[in-house]
Amino acid sequence: MQNLSFEEAEILRRHAEAFLRNAERLIKEKEWDLAIFNLERYCQLIIKYKLLVLRGSYPRSHSLRRLIRELGEFNRDILSLIENTRYLHYVARLEEAYISSRYLPYVYEEKEVVDIYRFVVEVFKPLVEKI
């Protein structure tokens, strides 16, 4: 883990928010594969931002589950994202999106991307923002 400055934390936050906005734009443009990748990037960076603000560092990991567990040390409510089976499926799909976008030729469909977007905006984001 690396200690970073307040300015670097703000860069993470801004980048996370930009990835979410970009995902929304890509959904409107029907770019499903890129939209889901941007959703995963938002989730990963916003958790890393919160960890950086709360403890001055974050792990160099791409695992949303690991990051959620670490953030759960500050507020157990966030752990519902991996303890609730329904939510865990969404988190796992986001992790898969990160891996498949980099290493596998996988094509996402509109319904799954829109559903995951709703999860991110309606469930994930409010839980993270409470911390």
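Shown here is Glu29, whose CD atom has more than 12 heavy atoms of other residues, nucleotides or ligands within 6.0 Å. Open room surrounds CD on Glu7; 12 or fewer heavy atoms of other groups in view lie less than 6.0 Å from it.
Considering only heavy atoms from C-beta on, Glu83 stays 4.5 Å or farther from Leu88 through its side chain. You'll find the side chain of Leu79 stays beyond 4.5 Å of the side chain of Tyr87, heavy atoms only. The shortest distance between side-chain heavy atoms of Phe124 and Leu94 does not fall below 4.5 Å. With a 4.5 Å cut-off on side-chain heavy atoms, Val114 and Arg118 count as touching. In this structure, Val123 and Leu81 have side chains that are in contact, with non-hydrogen atoms separated by less than 4.5 Å. Counting heavy atoms from C-beta outward, Glu24 and Tyr117 have side chains that approach closer than 4.5 Å.
Summarising the geometry, atom CD belonging to Gln44 is positioned 11.5 Å from atom CZ belonging to Arg66; distances are rounded to the nearest 0.5 Å. The distance from the CG atom of Asp77 to the NZ atom of Lys130 is 4.0 Å, given to the nearest 0.5 Å. Summarising the geometry, atom OG belonging to Ser100 is positioned 9.5 Å from atom CD belonging to Glu40; distances are rounded to the nearest 0.5 Å. Here the CD-CG distance, from Glu70 to Leu54, works out to 12.0 Å after rounding to the nearest 0.5 Å.
Among all heavy-atom pairs drawn from Glu112 and Val107, the shortest one is OE2-O, 4.2 Å. Contact detail for Ile47 and Leu71: the closest heavy-atom pair is CG2-CD2, 4.1 Å. Between Ile36 and Ala97, the closest heavy-atom pair is CG1-CB, 3.7 Å. Between Ala35 and Ala23, the shortest heavy-atom contact is O-CB, 3.6 Å. Between Pro126 and Glu122 the shortest heavy-atom distance is CG-O, 3.4 Å. Taking every heavy atom of both residues into account, Ser80 and Leu127 meet most closely at OG-CD1, 3.5 Å.
Using modelled atom types, one side-chain atom of Glu95 and one backbone atom of Arg65 make a donor-acceptor pair closer than 3.5 Å. Between the Lys50 side chain and the Ile131 main chain, a donor and an acceptor come within less than 3.5 Å of each other. Distance alone, capped at 3.5 Å, is enough to place a donor-acceptor pair between the Asn38 side chain and the Leu34 backbone. Between the side chain of Lys125 and the backbone N or O of Cys43, no donor-acceptor pair lies under 3.5 Å.
Ion pair Glu96/Arg93 flagged as a salt bridge, since at least one NZ, NE, NH1 or NH2 atom sits closer than 4.0 Å to an Asp/Glu carboxylate oxygen. Ion pairing of Arg14 with Glu17 is absent here, as no side-chain N (NZ or NE/NH1/NH2) approaches a carboxylate O to less than 4.0 Å.
For Phe19 and Tyr42, the ring centers are positioned 6.0 Å apart or more. Between Tyr108 and Tyr106, a ring centre-to-centre spacing shorter than 6.0 Å is recorded.
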### Task
For side chain to side chain contact (heavy atoms under 4.5 Å, CB included), just list the numbers for Trp32 and Ile27, CA-CA rounded to whole Å, side-chain angles, deciding distance to a tenth of an Å, and then say yes or no.
CA-CA 6 Å; Trp32 315 123; Ile27 288 170; 3.9 Å; yes
### Message
Pair Leu51, Phe74 - check side chain to side chain contact (heavy atoms under 4.5 Å, CB included), show working.
### Response
CA-CA 9 Å; Leu51 287 169; Phe74 297 95; 4.1 Å; yes
### Query
Going through the distances and angles, do Arg41 and Leu45 end up as a side chain to side chain contact (heavy atoms under 4.5 Å, CB included)?
CA-CA 6 Å; Arg41 297 303 297 149; Leu45 291 182; 4.0 Å; yes
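Criterion: ILVMFWY side-chain heavy atoms under 4.5 Å apart, direct or through other members. Under it, Val113 and Phe119 are part of a common hydrophobic cluster. Residues Ile68 and Leu52 share a hydrophobic cluster, clusters being chains of Ile/Leu/Val/Met/Phe/Trp/Tyr side chains in contact below 4.5 Å. Residues Leu26 and Val120 are members of separate hydrophobic clusters, defined by side-chain heavy-atom contacts under 4.5 angstrom among Ile, Leu, Val, Met, Phe, Trp and Tyr.
Not counting sequence neighbours, the partners of Val53 by the side chain to side chain contact (heavy atoms under 4.5 Å, CB included) test are Ala9, Tyr49.
For the residue pair Arg25 / Asn22, a side-chain donor-acceptor distance below 3.5 Å is found, with atom types taken as modelled.
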